[in-house]
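Predicted model, so just to flag it, every value in this text is computed and none were measured.
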Amino acid sequence: MVEDGDEPFYRMPEADYYELRAINPADLDGHERTARFILLNRACFNGLVRRNKNGGDNSPWGGAERVWRIGAANLLRIGRLVQGVVFVEGDFEATLAAAGPGHLALYLDPPYWPDRLGGFTGYHGSGFDRKDQSRLAQAARAAAERGRVVASNNDVPQVRALYEGFEVQSVKVARNIARNAEGR
């Protein structure tokens, strides 16, 4: 960590990144897992969260330019904002089914429907195929009967068919994961 006036910032060396990434989160307590996730997310390539076929993290190191402000005051502020919030890790069907009547909102951001033949869907070991897209749409439909659901995906005919009857708004967005900055 380096001080820059009153704001500390951190540059994670590549070797430290891969050493931290190699630690099994199951071997850590909740606070340690959270800290590991934040550090990996800030030091990896473009904040990408990606899993290998065994469920382990496999996002590459973001490079020496990945520098961020980590002020303790900011982390404490975030901690206060999430008091009473329940974070769940698990299958989306069980998570959506557990959302009770009148929940404020559920935001669903699955791996997007591939917009071209051979498009990337391997964000984790078991992928996210058309069957999963259909399961998600069905679970979203059931959850929408109890509260508000907002989802994002590619605006393609297949997705529109899955979410028929939902209010759909098309929004143009830039993709920021390209390897070269010119492609972002």
Open item on the list: Just verifying a value: how many Å separate Gln83 CD and Ile78 CD1, rounded to the nearest 0.5 Å?
Closed with: 12.5 Å

Open item on the list: Using modelled atom types and a 3.5 Å cut-off, is there a donor and acceptor pairing between side-chain atoms of Arg146 and backbone atoms of Ala99?
Closed with: yes

TODO: Tell me, please, which residues at least two apart from Arg36 pass salt bridge (Lys or Arg N to Asp or Glu O under 4.0 Å).
DONE: Asp57

Open item on the list: What I'd like to find out is whether the side chain of Pro157 reaches to under 4.5 Å of the side chain of Trp113, using heavy atoms alone.
Closed with: no

TODO: Please lay out, stage by stage, how Cys44 and Trp61 fare under the test side-chain contact (heavy atoms from CB on, under 4.5 Å).
DONE: CA-CA 4 Å; Cys44 73; Trp61 178 61; over 6 Å; no

TODO: Test side-chain contact (heavy atoms from CB on, under 4.5 Å) on Leu108 and Val150 and set out the steps.
DONE: CA-CA 6 Å; Leu108 311 176; Val150 177; over 6 Å; no

TODO: Not counting sequence neighbours, which residues clear salt bridge (Lys or Arg N to Asp or Glu O under 4.0 Å) with Glu14? List them please.
DONE: none

- [ ] Measure the spacing between CD of Gln138 and CG of Leu96 and express it to the nearest 0.5 Å.
- [x] 12.0 Å

TODO: Find the distance between CG (Asp16) and CD (Glu19) and round it off to the nearest 0.5 Å.
DONE: 6.0 Å

Task: Any Ile38 side-chain heavy atom under 4.5 Å of Asn41 side chain - done: no

Task: Within-4.5 Å side-chain heavy-atom neighbours: Glu32 and Asp29 - done: yes

TODO: For the residue pair Tyr112 and Ser152, establish whether any side-chain heavy-atom pair is separated by less than 4.5 Å.
DONE: yes

Open item on the list: I'd like to know if the side chain of Arg130 and the backbone of Gln158 have a donor-acceptor N/O pair within less than 3.5 Å.
Closed with: no

Open item on the list: Would you say that Phe128 contacts Pro110 through its side chain, given a criterion of any heavy-atom pair below 4.5 Å between the two side chains?
Closed with: yes

Open item on the list: If I compare all heavy atoms of Ala43 with all of Tyr17, which pair ends up nearest, and what's the gap?
Closed with: CB-CD1, 3.7 Å

- [ ] Find out whether Arg50 and Pro60 are in side-chain contact, i.e. whether some heavy atom of one side chain is under 4.5 Å from a heavy atom of the other.
- [x] yes

Task: Minimum side-chain heavy-atom gap Leu40-Val49 below 4.5 Å - done: no

What pairs of donor and acceptor atoms, side-chain ones from residues 161-174 against any protein atom, are under 3.5 angstrom apart with sequence neighbours left out?
unit_1	atom_1	unit_2	atom_2	d
Glu167	OE2	Gln169	NE2	3.0
Ser170	OG	Asp155	OD2	2.7

Open item on the list: Please determine whether a side-chain nitrogen of the Lys or Arg among Asp27 and Arg33 lies less than 4.0 Å from a carboxylate oxygen of the Asp or Glu.
Closed with: no

Open item on the list: Check whether Asn46 reaches the backbone of Leu48 with its side chain - one donor and one acceptor, N or O, closer than 3.5 Å.
Closed with: no

TODO: Could you grab the distance from atom CZ of Arg42 to atom CZ of Phe37, nearest 0.5 Å is fine?
DONE: 10.5 Å

- [ ] Find out whether Glu93 and Leu136 are in side-chain contact, i.e. whether some heavy atom of one side chain is under 4.5 Å from a heavy atom of the other.
- [x] no

Task: Check: Arg148 side chain, Ala144 main-chain N or O, donor-acceptor pair, under 3.5 Å - done: no

